[in-house]
Amino acid sequence: MADSSNGKKVIEIDVSSDTVCPWCFVGKTNLDKAIEQSKDSFDFKVRWHPYFLNPSAPKEGVKKSDFFGQRFGAAQFDQMQSRMSQIFKGLGYDYDTAGLTGNSLDCHRLLTYAAKQGYEKQHALAGELFINYHVEGKYIGDKQVLLDAANKVGIEGAEELLNDPDKGVAEVNEELEKYSSRISGVPHFTINGKFEISGGQPPEVFQRAFKAAV
């Protein structure tokens, strides 16, 4: 167990996630609350890793209602949307159901690249992309949306990365194999390499894991 320069124990958190996953947004929101409530006791290092909920999703954006309605059926899709809207409302957000969805590879390329410039920037970028997609209805396959998010959190070199569709793909695949190949769903959190949490758990679940992990 590492100590930071201020003597606090360091909690390392590996997160497997997909930007298009609403429960991943819920999980991050609750993780952030738990970190804020525990920052006097611990320092934190959060690392984000790729997972593909819909690896065959089209690169071109399609309406969320069309894509998920076809995948789950209209009735189940409506139930899912109603439930997520209530959950998001409880977190202080409006859940967007009118935007576009599609392939999230470019998101993962950008997030994996961002880690090289610091995990705090990567964490901020993950949050920005979640808000873009789940709240603001922006399409995360749109290069300008990704560039705007990268610029907002201070990621350098994003345009060069996104202009080359092959750049960073190998790194994404390496991360996918190392961190996400053995799991069957997201979000998935590993605390200090030993405690695992799945789903959009409430902050107190994370806080208990922090204490147990040290």
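All values below were derived from every heavy atom in this structure, side-chain atoms included, with hydrogens, water molecules and symmetry-related copies excluded.
The existence of a salt bridge linking Glu171 and Arg109 is excluded, since no basic side-chain nitrogen approaches an acidic carboxylate oxygen closer than 4.0 Å. A salt bridge links Lys89 to Asp94: one of the charged nitrogens lies within less than 4.0 Å of a carboxylate oxygen. In this structure, Asp40 does not pair ionically with Lys8, as no charged nitrogen and carboxylate oxygen lie closer than 4.0 Å.
Between Phe88 and Tyr95, the angle of the ring planes lies from 30° to 60°, which puts this pair in the tilted group. Below 30°, between 30° and 60°, or above 60°: for Phe72 and Phe68 the angle between ring planes is below 30°, a parallel geometry.
When ring centroids are compared, Tyr133 and Phe25 stay outside the 6.0 Å threshold. Centroid-to-centroid, the aromatic rings of Tyr93 and His134 stay 6.0 Å apart or farther. Centroid-to-centroid, the aromatic rings of Phe189 and Phe195 stay 6.0 Å apart or farther.
Shown here is Asn151, whose CG atom has more than 12 heavy atoms of other residues, nucleotides or ligands within 6.0 Å. Atom CD of Gln70 is surrounded by 12 or fewer heavy atoms from other residues, nucleotides or ligands within 6.0 Å. Residue Lys45 places its NZ atom among 12 or fewer non-hydrogen atoms of other residues, nucleotides or ligands, all under 6.0 Å distant. Counting heavy-atom neighbours within 6.0 Å of Gln37 CD, excluding the residue itself, gives a total above 12. Within a 6.0 Å radius of CD in Glu156, other residues, nucleotides and ligands contribute 12 heavy atoms or fewer.
In this structure, Lys178 and Glu174 have side chains that are not in contact, with every pair of non-hydrogen atoms separated by 4.5 Å or more. For the pair Val20 and Ile140, the minimum side-chain heavy-atom distance is below 4.5 Å. You'll find the side chain of Leu146 reaches within 4.5 Å of the side chain of Asp106, heavy atoms only. Side chains of Glu120 and Val46 form no contact here, defined as non-hydrogen atoms less than 4.5 Å apart. Under the 4.5 Å side-chain criterion, counting only non-hydrogen atoms from C-beta, Phe52 is in contact with Val172.
Two different hydrophobic clusters hold Met80 and Leu91 under the rule that ILVMFWY side chains link at heavy-atom gaps under 4.5 Å.
The one candidate from His188, His49, His108 that meets the ring-ring contact (aromatic ring centres under 6.0 Å, His included) condition with Tyr179 is His49.
Atoms OG1 and OH, from Thr101 and Tyr139 in turn, are 7.0 Å apart once rounded to the nearest 0.5 Å. For the atom pair Ser180 OG and Asn173 CG, the distance stands at 11.5 Å (nearest 0.5 Å). With rounding to the nearest 0.5 Å, the separation of CG in Leu176 from OH in Tyr51 is 9.0 Å.
Across all their heavy atoms, Pro203 and Lys33 have their closest contact at CG-CB, 3.9 Å.
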- Show your reasoning for whether side-chain contact (heavy atoms from CB on, under 4.5 Å) applies to Gln201 and Asn30. CA-CA 7 Å; Gln201 300 293 339; Asn30 287 336; over 6 Å; no
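A donor atom on one side chain and an acceptor atom on the other are found under 3.5 Å apart for Asp32 and His123.
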